[in-house]
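Only one structure is covered here, and it is reproduced in the block below.
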Amino acid sequence: TLAERTNLAGVRHILLVLSGKGGVGKSTLSTELALALRNAGKRVGILDVDLCGPSIPRMLRVQDSAVHQCDSGWVPVFVGQDKAIALMSIGFLLERPDDAVVWRGPKKNALIKQFVTDVAWGDLDFLIVDTPPGTSDEHISTVEALRPHQLLGAVLVTTPQ
């Protein structure tokens, strides 16, 4: 649709951060990568699709922020004094940041699609997508929703054990 093309039209590169298991540091790596790219002068967004454990808002100290609507969808939360990192996370949509999200597949998949299509990212050099652990439906939904943009790369986070 037109809205999908419009909201990601200004994003030059999309980078998925994945792993086969939890606790390997995907969110930490996503955050550090965003900070490093920002320090290199790039415009960066983070899409936190880890619906069960949205930790990036806390890592970037914006967990008490609210998401607002604009004509083209949700306005991401802008991080830091320079507002150089745009962030969207389910953590912003929960009443309490520590609330658990217990949703079945279709509702999770619909939210992921909405995050991809309905966030007004503006012009970004990189959109980093922090995914949940494992290889679940959420990953398939994320890749399917992003597929039309063909700017996809991936970082696979592993540990030696």
Heavy-atom closest contact (T117 atom, N7 atom, distance)
O-ND2, 2.7 Å
Correct closest heavy-atom pair for W121 and L8 would be CD1-CD2, 3.7 Å
With a 4.5 Å heavy-atom cut-off, do T28 and M59 have their side chains touching?
yes
Any side-chain heavy atom of D130 within less than 4.5 Å of one from L47?
no
Start with the C-alpha gap between W74 and F115, add the side-chain angles, then the distance that decides, and say whether ring-ring contact (aromatic ring centres under 6.0 Å, His included) holds.
CA-CA 8 Å; W74 283 328; F115 271 175; 5.5 Å; yes
Determine yes or no for a side-chain-to-main-chain donor-acceptor pair under 3.5 angstrom, with T131 supplying the side chain and V17 the backbone.
yes
CG on L33 to CD1 on I128, rounded to 0.5 Å:
4.0 Å
Note: Q63 and R58 closest approach over all heavy atoms is OE1-CA, 3.5 Å
Once you round to the nearest 0.5 Å, how far does CG of L37 lie from NE2 of H13?
10.0 Å
Residue pair S55 / D48: nearest heavy atoms and the distance that separates them:
N-OD2, 3.8 Å
Are F78 and F126 linked, directly or through intermediate hydrophobic residues, by side-chain heavy-atom contacts shorter than 4.5 Å (ILVMFWY only)?
no
Tightest non-hydrogen contact, residues F92 and P57, listed as CE2-CB, 3.8 Å
Can you tell me how far the CZ atom of R12 sits from the CG atom of L124, to the nearest 0.5 Å?
11.0 Å
First locate atom CG of L60, then atom OG1 of T31, and finally report the distance between them rounded to the nearest 0.5 Å.
5.0 Å
Any V24 side-chain heavy atom under 4.5 Å of K26 side chain
yes
Does V62 share a hydrophobic cluster with V49, counting links as ILVMFWY side-chain heavy atoms below 4.5 Å and allowing steps through other members?
yes
Can you check whether D125 reaches V44 side chain to side chain, under 4.5 Å on heavy atoms?
no
Say you draw a straight line from CD1 of I90 to CD of Q114; how long is it, rounded to the nearest 0.5 Å?
10.5 Å
Where do L15 and L127 land on the side-chain contact (heavy atoms from CB on, under 4.5 Å) test, with the steps shown first?
CA-CA 6 Å; L15 189 59; L127 177 61; over 6 Å; no
Report yes if some heavy atom in the side chain of S19 is under 4.5 Å from a heavy atom in the side chain of T158; otherwise report no.
no
Test log, rule side-chain contact (heavy atoms from CB on, under 4.5 Å), inputs V67 and M88:
CA-CA 8 Å; V67 171; M88 177 52 78; 3.5 Å; yes
Start with the C-alpha gap between Q69 and V75, add the side-chain angles, then the distance that decides, and say whether side-chain contact (heavy atoms from CB on, under 4.5 Å) holds.
CA-CA 6 Å; Q69 292 275 322; V75 179; over 6 Å; no
Side chain to side chain, L16 and V155, heavy atoms closer than 4.5 Å:
no
Quick one: are V157 and L18 in side-chain contact, heavy atoms under 4.5 Å?
no
Side-chain touch I56/S89, heavy atoms, less than 4.5 angstrom
no
With side-chain contact (heavy atoms from CB on, under 4.5 Å) as the test, would you mind laying out the steps for V79 and R38 before giving the verdict?
CA-CA 11 Å; V79 178; R38 182 203 62 194; 5.8 Å; no
